[in-house]
Amino acid sequence: MTIKHIATSPIPGMKPGTSGLRKKVIEFAAGNYLANFVQSVFNAVRPPQGFGGCTLVVGGDGRYFNAEAIQTVIRIAAANGFGRALVGQDGILSTPAASCVIRKHNAFGGLILSASHNPGGPDGDFGIKFNAANGGPAPEKITDAIHAESMRIDEILTLNTPAVDIGRIGSQRVGEMLVEVIDPVADYVELMRNLFDFNALRAAIAGGLRLTFDAMHAVTGPYAHAIFECELGAPAGTVKNGTPLPDFGGHHPDPNLVHAKHLLDLMMAPDAPDLGAASDGDGDRNLIIGRGIFIPPSDSLAMLAANAHLAPAYRNGIAGVARSMPTSAAVDRVAARLEVPCFETPTGWKFFGNLLDAGRITLCGEESAGTGSNHVREKDGVWAVLLWLSIIAARRQSVAEIARGHWAAYGRNYYTRHDYEGLDTAAAQALMKTLGELLPRLAGTSVGGRGIAMADDFSYTDPVDGSVSQNQGLRVIFEDGARIVYRLSGTGTTGATLRVYIERYEAGPALLAQDTQAALADLIATSRDLARLNEFTGREHPDVIT
Ligand code: G1P
Ligand code: ZN
């Protein structure tokens, strides 16, 4: 029987324009916090004829509170009249797999439970977001509607039913709704099999191509075991930390050089495997390291774009590429040479959705270790590893050879991101406001010996639907093409995080071996001076350098 709970509005922490919620577990688990969000989503997206013929996909990265949250979502979905729910077994669906399942089963949409690369466990973070029928994060039109509903929600519809057994594959009923517990891996593996030449990869691995993949005790474990070890025949042990744990083994499931330092160290050894890779909490990010060489995500995107034709799915070339604004312009050069369009979007995967749906791009990516293609509407960590493997196998070259060849052919965009974390929110906002006011006066002046060509607050007009997104980051572009970008993180859960992105292009091969921080030293100093960073934040150094 449907029961009605009194809802709380507004939902603390709900902001317009964000595709979901990310908070501490304690906040999520308290009262009806999660239920308020789920009901707000359903209120915002309910079709005129109701949800009767609609399928909802539900799954998450297995972090603490995942299983409880899934039961809550199922009951509310049933009470709101959904015809069917597809739920990953044990509540597991990586974010790209959820996108795949939504698309393959023509679902109405999905609720994905994850706080991505943020730590898990009882003291960690939890999150939820709504993906639409194209399998991608809800666009701003929908997220704004969800936010509006969260401001006026007054009741939550739910059922008083026992918990569904999400460990058992098969069908069950919850109220009138059919709940199908599905294998979380099968649809995704089938999709990868269609994109890549598994026979060629299997042969390359049998012939000695070596891979190590760190699932970081997060969601990609089962996918990586199934694909790299079972399908492609890589030896057992290729996949490390392959069992998803509610607290990610106490680690931070962020595949960067800080949290996956052990992988970096391993890959710097002379006898390292050919490819070292890792993925994050929900499986959408990737870290790519060759023997003796780390490939920065912006470069990885460019190298994948330049070589994508070596995998069957992209054999006929790519329609175009897109990158988020703060991502380095390395891929722009590849697009120019391939004579395909290159779009510059705001930060966040949702901005790629329209371009992908319209067939205007095939590959896209962000500097924050997200790379993907038109096969789903999320970034995809395991896919990125498979595309790299395909390229290594087809070219019969090492990652280092591929990278050096790329830089020699296209030049190199030296690039770094400096993060200042846990800042006082008011201080960080004041810094951005002051810098924003300074920008209009900067063009034509010079700083640190470099002439400034333009400076603005990035605004994006979606080429497909014409929607405009403003205030997407402050950028200072120099006459020599160098660039500094400032933005406040939208995903942090404590205080404010200022991200400063610094980039410079070098055409000659002379600097190929130079250390990135050294190559950018003068611009880094300029980035601090321009924003009066020390004065506003009191910080002498960034907390994280990537
Ligand atoms: C960060 C990344 C951004 C990515 C997002 C979700 O957002 O910078 O590229 O889309 O996580 O994975 P931010 O914290 O910078 O707002
Ligand atoms: Zn993620």
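Counting starts at 1 for both ligands and their atoms, following the listed order. Here the structure is a predicted model, which is why all the values come from computation and not from measurement. Along the sequence shown, residues are numbered consecutively beginning with 1.
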Legend entry - Sub-3.5 Å N/O-N/O distance, R22 and ligand 1: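 No, since none of the N or O atoms of R22 sits under 3.5 Å from an N or O of ligand 1.
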Legend entry - Derivation of the side chain to side chain donor-acceptor pair (under 3.5 Å) call for T95 and D282: CA-CA 6 Å; T95 295; D282 62 330; 2.6 Å; yes
Inset, instruction - Mark up the atoms of ligand 1 that fall under 4.0 Å of a heavy atom belonging to G348, in ascending order. - result: 10 (O)
Inset, instruction - State the atoms of ligand 1, each with its element, that fall below the 4.0 Å cut-off from a heavy-atom position in T347. - result: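 Reading through ligand 1 atom by atom, the close ones are 3 (C), 9 (O).
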Using a strict cut-off of less than 4.0 Å between a Lys/Arg side-chain nitrogen and an Asp/Glu carboxylate oxygen, indicate whether [X] and [Y] qualify as a salt bridge.
X    : Y    : result
R475 : D456 : yes
E366 : R323 : no
R377 : D357 : yes
E229 : K240 : no

Legend entry - Nearest option to atom 15 (O) of ligand 1, as decided by whichever heavy atom of R499, E367, R285 sits closest: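 The residue whose heavy atom sits nearest atom 15 (O) of ligand 1 is R499.
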Legend entry - Contact partition for K379 relative to ligand 1, non-hydrogen atoms under 4.0 Å: side chain
Inset, instruction - Heavy-atom distances under 4.0 Å are what count here, so tell me which part of S368 touches ligand 1: side chain, backbone, both or neither. - result: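 Near ligand 1, S368 shows its side chain, while the N, CA, C and O stay back.
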What is the name of the N/O/S atom in [X] that sits closest to the Zn ion (ligand 2)?
X    : result
D282 : OD1
D280 : OD2
D284 : OD1

For [atom], grab the closest protein heavy atom and report residue, atom and distance to one decimal in Å.
atom                    : value
atom 16 (O) of ligand 1 : G490 N, 2.6 Å
atom 7 (O) of ligand 1  : T491 CG2, 3.5 Å
atom 10 (O) of ligand 1 : E366 OE2, 2.7 Å

Legend entry - Note, N413 side chain near R504 side chain (heavy atom, < 4.5 Å):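 No; the side chains remain at least 4.5 Å from each other.
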Inset, instruction - State, with a plain yes or no, whether a side-chain heavy atom of S116 is found less than 4.5 Å away from one of R22. - result: yes
Inset, instruction - Output yes if T95 passes the N/O/S-under-2.8 Å test against the Zn ion (ligand 2); output no otherwise. - result: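 No N, O or S atom of T95 is closer than 2.8 Å to the Zn ion (ligand 2), so no.
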Inset, instruction - Please confirm whether R333 makes a cation-pi placement over Y505, using NZ or CZ under 6.0 Å from the six-membered ring centre and within 45° of the ring normal. - result: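 Checked: cation-pi criterion met.
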Inset, instruction - Answer yes or no: is there a donor N or O on one side and an acceptor on the other, between the side chain of R103 and the main chain of N134, under 3.5 Å? - result: yes
